[in-house]
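Chain letters run A, B, ... following the sequence lines, proteins first, then strands; residues in each count from 1. The model shown is predicted, which means the values in this text are computed figures rather than measured ones. All values below were derived from every heavy atom in this structure, side-chain atoms included, with hydrogens, water molecules and symmetry-related copies excluded.
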Amino acid sequence: MKVQFYGSLGEAIGREIELPVEAGITVADIRRQLGMLYPAAKLDQDSARPFLDDEMVGEQQAVAPEATLSFLPPLSGG
Amino acid sequence: MRIEARLCHDPIDPGAELTSFSSDGAGAMVSFTGIARGTSKAGEKVTKLFLDHHPRLTPASLDTIASVAAKRFDLLAILVLHRAGDVAPGEPIVLVAAAAAHRRAAFEAVDYAMDRLKTDAIFWKREDGFGGSAWIEPTDHDRVARARWED
């Protein structure tokens, strides 16, 4: 699965990583995995909002292994 | 009603853009250009502003803000241009222009669009200086300014 990060998260982790996952994984599962891989990154629910197909999704959303999940930090605005 | 919103990866030329921004029947045209500052709020020198963006959500957010402003203030035309990427101090970051039959609508539309852009446009801004970099968050002032437009 591709996971993308923007803003300060992108700087901390990289714009995109490849995460090995199994079918049936949820956003919450992915967040936990990322937290273990990147313990210094701010990956709590307020600091990293999950987006699938450009729509914000909830923690229990299942994510297909071939999908791209994005995490967006709070906006700076323009 | 002409609505144009563009994400710009190259420098904005306000003069050229405003020269070509026109609308038949307009009795008023108002514009605002936001410029990258050379110092941070803490008074430190800023060497560069970096605006990160999302390839689809960011231009969509500019479109939404422009469209809502155009409808809310009954404009004849609106132009919203916003930079992404590296912006040097002194360079334009954003240009908003509105054309309307009368001046009040044009003034308010530009004011509204800027308040929306400051809080709702999908960007992440980082100030780079000699001492390091810092990501920016909207201020309470920005949130208060945004709230005054809510019904």
Identify whether the distance between the nearest side-chain nitrogen and carboxylate oxygen of E108(B) and R103(B) falls below 4.0 Å. no
Give a yes or no on whether a salt bridge exists between K48(B) and E127(B), defined as a side-chain N under 4.0 angstrom from a carboxylate O. no
What residues of residues 5-34 of chain A make heavy-atom contacts with chain B at a cutoff under 4.5 angstrom? Y6(A), G7(A), S8(A), E11(A), R15(A)
Which heavy atom of S61(B) sits nearest a heavy atom of D120(B), and at what distance? CB-O, 4.1 Å
Check this for me: [X], atom [atom1], are more than 12 non-hydrogen atoms of other residues, nucleotides or ligands nearer than 6.0 Å?
X       : atom1 : value
R37(B)  : CZ    : no
F107(B) : CZ    : no
D44(A)  : CG    : yes

Are the side chain of S67(B) and the backbone of T64(B) linked by a donor-acceptor contact shorter than 3.5 Å?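 No, because the side chain of S67(B) does not come within donor-acceptor range (under 3.5 Å) of the backbone of T64(B).
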Report which part of H54(B) has an atom under 4.5 Å of a heavy atom belonging to chain A: side chain, backbone, both, or neither.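 For H54(B), the contact with chain A is made by backbone and side chain together.
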Turns out that what part of I122(B) lies under 4.5 Å from chain A's heavy atoms comes down to both
